[in-house]
Undergrad: 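This structure is in structure tokens; I'll ask about it shortly.
Just so you know, residue 1 is the first one in the sequence shown, and it goes up from there. Predicted model, so just to flag it, every value in this text is computed and none were measured.
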Amino acid sequence: MMRKKRRSSLDKARESAPPSDVSKSKKSRSAGPINKPTVQEAAVDNVFAQLLQEAGVTLRMGSTTPNEITVDQVVFQRRLQQRLKKDPRYPHIIQEFITGLESHIEDQENFRNCLLPCVPPLLDQDSNSVGSYQESLIRLLLGVEMLQSSVINTLFEKLPEFMFDGAGNDGLNVPRIIMNQLKWLDRVINSKDLADKLMQLVAVAPLEIQRDIITSLPEVLEDSQHSDIAKELNSLLQQNIQLTVPILDALSSLSLSSGLLVEVRGGVMSTLSAVQLEDLPVMVKFVLHTVSASDASEVVSDLRKKLELELCVLPPVLQASQSRLKSKGAKGSSTVPSASTNQDCITLVMDVIKSAVRFQKTISEAWLKAIESLDEAENHKVIDLLVLFILHSTNTNHSRRGAERVLRMKVRGGQIREALLQKTFRSHAQEMRSYFPSILALAQSLLRSLDPCVVPFGGHMYKHAFTAFDSYCQQEVVGSLVTHVCSGVSGEVDVALELLCELVTQRPAEMARYAIFVKGILDYMDNLTPQEIRRLFYLLSSLAFGQDQHSSHIQDDIHMVLRKQLSSAVPKYKRIGIIGAVMVVGSMGCCRAQSEGCGKSQGGSLSKETYRQVTSLLELVRSCSEVSPEAAALYYDELANLLQTCKLDPVVQEWIGKSVLEDFQEDFVLDLGPEVSGSFPFPAVVMYNLDEEESQGGIAINLLPILSEDIRHKGEPWSQPGSKDKKRASPLCLASFFRLLRLCEEQQHQGDLEEIDALLGCPLILMDMDVVEKAESLSRSEREFLCSLLFYTINWFREVVNAFSRQKDPEMKMKVMTRLQNITYLQTVLEKSLAATPGFVPPLANFDCESAEGMAPPSSTALPKKGKKGSAGRKRKAQASKNSSGDGSLLEEGAEAEESQQDHPEKEKDKEKEKEKETETRPAVSLASYRPFFRELDLEVLSVLKCGLLSRSLLDSELHSRVREEVQLGPAELVFLLEDLWRKLEFSLPASLAKRGFFLKGKTDRSMGFSHLQQKSTLDIVHCCIQLLPTLCTHLENCHNHFQALLSENHGVVDATGLDVKEHQLMSSAYQLLLQVLLSCFSWTGFSQHEHRALLKKALGVLAERLKEDQTDLTLDQLTRLSCDYLLNFRSTLPSLGTALSLTHLLITVSARDSSNHTAYREDIGSLCRHFLCQEWVMASGERERGVKYNDTLQTLLSIYLAHTEDVLKAIEEIAGEGVPELMNAPKDGCSKTFPTLTRQTFLVFYRGMMADLEKSVRRIPPARLGESSEDHVEKLLTWNLAVRDFHILLNLVKVFDSRPVLTASLKYGRLFLEAFLKLGMPLLDFSFKKHKEDVQSLLKTFQLSTRQLHHMCGHSKIRQDTGLTNHVPALKKSLEQFVYRVKAMLTLNHCQEAFWLGNLKNRDLKGEEILSQRAQGSDEDDGVEEEASQLPQEQSEDEEQKSDSDNRKNGQEEEEEITDDSD
């Protein structure tokens, strides 16, 4: 303490005295009487201070004033070094100097002073040479080489004194300041020793000091020590994970070799899963920043496996941390990470990854590759989705496209599922918030996709984003969905509206904030379908009139829009108004659990005010719909739909149904009397009465009088709104009104229809149907009246079947079956009537679609001319099938195939016989094109299929027996129901790419006639199908047994005498329809999604249990195998080629569900197709199948066979080399023995299919590469030899079959084959020429014959002057010329260019005769063409000559010329 005071007084003396007097004061101080050690210490200290003073630094005692420096730092260090060296006591003076330093810094205040920067003297002194910032005294001394080691030792000896002190009162952390002195020294004298001392210090220092030392290492050590220190740090990292962050910081700054870097990174990766979450961002950053292009994929894949973000935010962890906080109190709170801290750390990890992928393309590609390489859904983790969002958020196009591509692929494959998305949003919503734009963009892209497998995932992204994020994001989600709705693309609109409806149902309060956005869709209603309008108004009315009424502010807007639409005179807008108003009624009048107010209406939960609003709106709609029968019928239909889909309040139900029964009886029901009075176009007849015993006093549907009255007043207003005059009954409203009546009765009596069961069996007032046979003699108006009456009758029966199909009473079941028979019979009558009434527009049956102008059936064309009656009928029929979107009846397809063979009478027949034949075989009108004019059958009607199948022969013998209670289906009824089921499945179950509409819709709407079906979800329809599968299999087996019995009875002869042709045709159609229904069911894209895997197993289990009853423990692959085996059993009894194709498609679809054994299925399908091609398909009439549809079917079957056969080239050679010669030797109407489907009529189908598949197969031959083995080259050469031989065989067939289509196919595919040979085959010849000279020569010689044939075809096309043929000639000749010079290049490459020369080849036609017209012209251009075509044989002779001398070359030329002459 006394020394401190003495030094303090000395400091004061220094402050008052000039610098030159400091040494004097020290001398006088040391002259006093003190102890000997004190004298020595003072002397050393005097040496230390004196040397510093002379060099330019003045020491200050204590911590109040820093040391002063009067010269520049470099000058000071140089002066000090010089003073020490020149001192006579050198080198001992160095030790004295260090001793003085140690003595001086024994005082902690002095030590701190020496660690702090020196200061220049006061400004009034001459200090121009001194900089503004000066280093500390210690750092200045470290810059003197001779003092550095000693000063470092002194510092390390001094540092332990301060290890556990922490920061002082002045905020100085002495250990940290000491380490700062060692940083960035100009030169380290003994770097290794310094490194060893630092690591020794790390071993004993506390954690904070360790971190400071490790972090400082890169700035202290020289590069030579980096490798050694990195190894020590790596080992330290394994021992102490608390030092992870400083060690990685240090390692990131060290320059390491690649091998050492890999070792260090491996050590880091091994500790990745055990570190604290706070250290994870640093570790990930180190790993990603040390990645090289060569090992990026491996490192990123390993990093992805180690990052388990799912474990960072588990609720049990959070609960444990909270319990620890409670038990330890505030003291423990600092050690327990909170949930927000965890989320912040994960955010930092994502930021690190984002930085890495943004600036390093290799890392982004490695992430994509790592995610893409995962096969199983269980292997995908939260980090995968997060990384995809990160990659999409970067500005680089390749990352955005790659992320979208991988996500789309993974979703399509069922590997990234909704459960993983939900987990990601639930656990990491805060971290994902910054990537919301990318999430929104990806959701938009997926929702707009044409692939139905990925569309639902886009919807899930929208829903989770709305649920997890803030109000801004919710607004963007709603805005994006509204944009989808307004896009006009039908599939996109449907999904977006469904998502909005789900959000309104699940989160009404949050959606209420954005009701104004949804209301904007009202401006785009012109482009919405009726079902979309229903959803839109359900959406808006749920927001505005829901139980909580969060968005009541848009109620007035909705009311204004509805009143405007309802009062419109335009039918389209009135339709929108009726649909919208009824949906609003559904939301306002739905049954609620709690009362809305104190004043309730009697018997219900609605308030009186709400009840008044509902009834007034219904009154408004009813009054506005009375202006036309179409509007009234739509009103009835919409009310019926509302009753079926919405649980209304009892008082609202009562209001709707209070007068329905009375009104229906008054308008349409008539008490039966002895006769029907009135003047009608035809005599009235009571028909189709199923209650004969109750004929006295019974009732009937008054159809004929009502229709007559309607036609009589045609053009007059139906009813005036608000007028008291009762509107007249319209037959248009009959079916719709009955549907409403039926549903009201079901609601009131819990499904029992006993009150109206008389309508099931009651007769109709119609006319005698025998008049149809002489329809030609009727007037135009009478024929139209007849057709209208038939349409109304059929639609009445269809609606009756809808109503009573689910009744359990056996008598009712029998009546329903009879009504189905009535429908099928009346349809045949209607076909005849429509054929006699061209241009007839039927009455509407579905009123929510466009007007009748847009639904005019294709057959309603002008009357055909007499001379072209048959052709005009066929044209109308073709148009009908074209416009019906492939929904044509399979019955009519069979009829068309039968008729098409009679549509080409021989030229030698008389004209009278031709007319007679055309009249007899005039095709009936296809009812498929009139489908929009029939009432829709409910899905529940298909339960009738569960009745057994009864063929006509058994029906006649057992129909009279009333003991039998079981109701049986006839073949015609079975076909009728199966056609309806098939159309429903084709419409509702997407099979491949979603069938999207366009913004501007055409006149016909694909959804017409499916209004009721659209209100069911896809899953409901699939469940219904699976319930029907056992029944469908039973029907399929019955059809199989029927045809098997026919074959066995007739000894395998299909066209046996006495065969019922009509029954055969019906059973064939039923057979094909059953296969088509199964195909539509199993083709549903939803089966490929993981969440529907159980449904798929259930469906396959139905087929599998037909072979093996106990299949509970079978896997999906085993079920698929059993299902395919079951379906293969039907191969022997298929009645037509179309049915065979349906079975083939079904097998392909079912076998695709097996992910393992593709080879076995390929063999099965290939052998099945070959079996079908080798089978003769004969119709019941005894004639072979033919026609356009048959040819198309055959072409598809052939392409499937060639795609699934083991060796395409051998299969083509078999057909072309064996089948076609058999056909050439067969009679004119004969066929090939091996392939009976190959006839002269189908030769073009086979030829075009073989040429196309030959060209595809050679393009799949892998190209030859320089490094491949000789065996690979030989194998490819053999393949090309086979292909060239097949090509030669096919081209030679043109000499026999020289029709224009065959020539066109030859020219088209010949050029494509030649281009493929140039691109893929010639490089192989380049490599193989020297080693396999003979094989190459043989190949080129065969190919020469083919190219010459192509040349002749070009000449033939010029003679014919056929534009369709000559269009192919220029490109083909160009390829021929390229081939010539490519062969020359090959010879040059193999040093045989002297063996190449050109000659002239004469232009010849297909028969080999010289084309004289071109010879006469003698133009140079033609000569040039001849040269091009003649080069190939000369080249090939040159190939032979590689084995001989120049004399033998001439012989080779002569031999080649002989071959040329022969072939010409």
Side-chain angles (χ1 to χ4, degrees), residues 3-62 65-107 109-111 113-121 125-127 129-130 134-151 154-155:
R3 191 169 55 204
K4 272 186 183 180
K5 289 179 182 178
R6 193 164 57 246
R7 286 181 182 175
S8 178
S9 61
L10 182 61
D11 287 342
K12 291 179 182 179
R14 285 181 183 175
E15 289 176 8
S16 59
S20 58
D21 296 338
V22 176
S23 58
K24 294 181 181 179
S25 63
K26 285 186 178 181
K27 288 179 182 179
S28 61
R29 211 181 77 195
S30 61
I34 53 176
N35 295 330
K36 188 176 182 180
T38 306
V39 173
Q40 291 176 351
E41 182 180 336
V44 173
D45 195 6
N46 192 23
V47 172
F48 169 69
Q50 183 178 357
L51 287 173
L52 290 180
Q53 180 72 34
E54 293 174 357
V57 170
T58 304
L59 292 175
R60 299 296 186 188
M61 300 300 170
T65 307
N67 298 324
E68 287 185 3
I69 183 169
T70 58
V71 295
D72 192 69
Q73 297 175 158
V74 178
V75 175
F76 165 76
Q77 291 172 339
R78 188 172 62 247
R79 283 182 183 178
L80 181 59
Q81 189 165 355
Q82 289 174 354
R83 294 285 191 280
L84 290 172
K85 282 186 177 181
K86 292 179 179 179
D87 193 283
R89 290 172 291 172
Y90 179 82
H92 300 291
I93 188 65
I94 296 176
Q95 184 59 40
E96 294 180 13
F97 183 85
I98 296 301
T99 305
L101 171 63
E102 293 172 353
S103 174
H104 180 70
I105 63 176
E106 280 181 6
D107 184 271
E109 297 299 328
N110 289 341
F111 184 46
N113 210 9
C114 291
L115 293 174
L116 295 176
C118 299
V119 296
Q125 299 181 9
D126 186 14
S127 59
S129 60
V130 182
Q134 303 296 325
E135 298 285 0
S136 67
L137 177 61
I138 296 294
R139 185 158 179 84
L140 290 174
L141 296 178
L142 287 171
V144 180
E145 294 182 5
M146 60 179 62
L147 298 176
Q148 187 183 92
S149 299
S150 302
V151 174
T154 302
L155 290 176

Undergrad: What heavy-atom pair brings F111 and I105 nearest, and what distance separates the two atoms?
TA: CB-O, 3.5 Å

Undergrad: Can you list the steps and then say if V47 with R89 is a side-chain contact (heavy atoms from CB on, under 4.5 Å)?
TA: CA-CA 12 Å; V47 172; R89 290 172 291 172; 4.1 Å; yes

Undergrad: I'd like to check F48 versus E102 (side-chain heavy atoms, cut-off strictly below 4.5 Å). Are they in contact?
TA: no

Undergrad: Just by modelled atom types, is the M61 backbone N or O under 3.5 Å from a matching donor or acceptor in the N110 side chain?
TA: no

Undergrad: Report the distance from atom CG of L59 to atom CD of E68, rounding to the nearest 0.5 Å.
TA: 10.5 Å

Undergrad: Taking only Lys NZ, Arg NE, NH1 and NH2, and the carboxylate oxygens of Asp or Glu, determine whether E54 and R79 approach each other closer than 4.0 Å.
TA: no

Undergrad: Is a side-chain N or O of S150 found less than 3.5 angstrom from the main chain of I98, in a donor-acceptor match?
TA: no

Undergrad: Does the side chain of L141 come within less than 4.5 Å of F97's, by heavy atoms?
TA: yes

Undergrad: With a 4.5 Å cut-off on side-chain heavy atoms, are P66 and L116 touching?
TA: no

Undergrad: To the nearest 0.5 Å, what is the distance between CD on Q134 and CZ on R139?
TA: 13.0 Å

Undergrad: When rounded to the nearest 0.5 angstrom, what is the spacing between CG in L137 and CG in L52?
TA: 5.5 Å

Undergrad: Between L101 and I138, is any pair of side-chain heavy atoms under 4.5 Å apart?
TA: yes

Undergrad: Rounded to the nearest 0.5 Å, what's the gap from NZ on K86 to CD on Q81? Could you check?
TA: 11.5 Å

Undergrad: Side chain of Q73, backbone of E135: donor and acceptor closer than 3.5 Å?
TA: yes

Undergrad: If every non-hydrogen atom of C114 is compared with every non-hydrogen atom of S136, which pair is closest and at what distance?
TA: O-CB, 3.3 Å

Undergrad: Measure across F76 and G56 and return the closest heavy-atom pair with its distance rounded to 0.1 Å.
TA: CD1-N, 4.0 Å

Undergrad: Got a donor-acceptor contact below 3.5 angstrom from the N113 side chain to the T65 backbone?
TA: yes

Undergrad: Kindly compute the distance separating NE2 (H92) from CG (L84), expressed to the nearest 0.5 Å.
TA: 13.5 Å

Undergrad: Taking Q77 as the fixed residue, which of L147, L142, L140 is the one that meets the side chain to side chain contact (heavy atoms under 4.5 Å, CB included) rule?
TA: L140

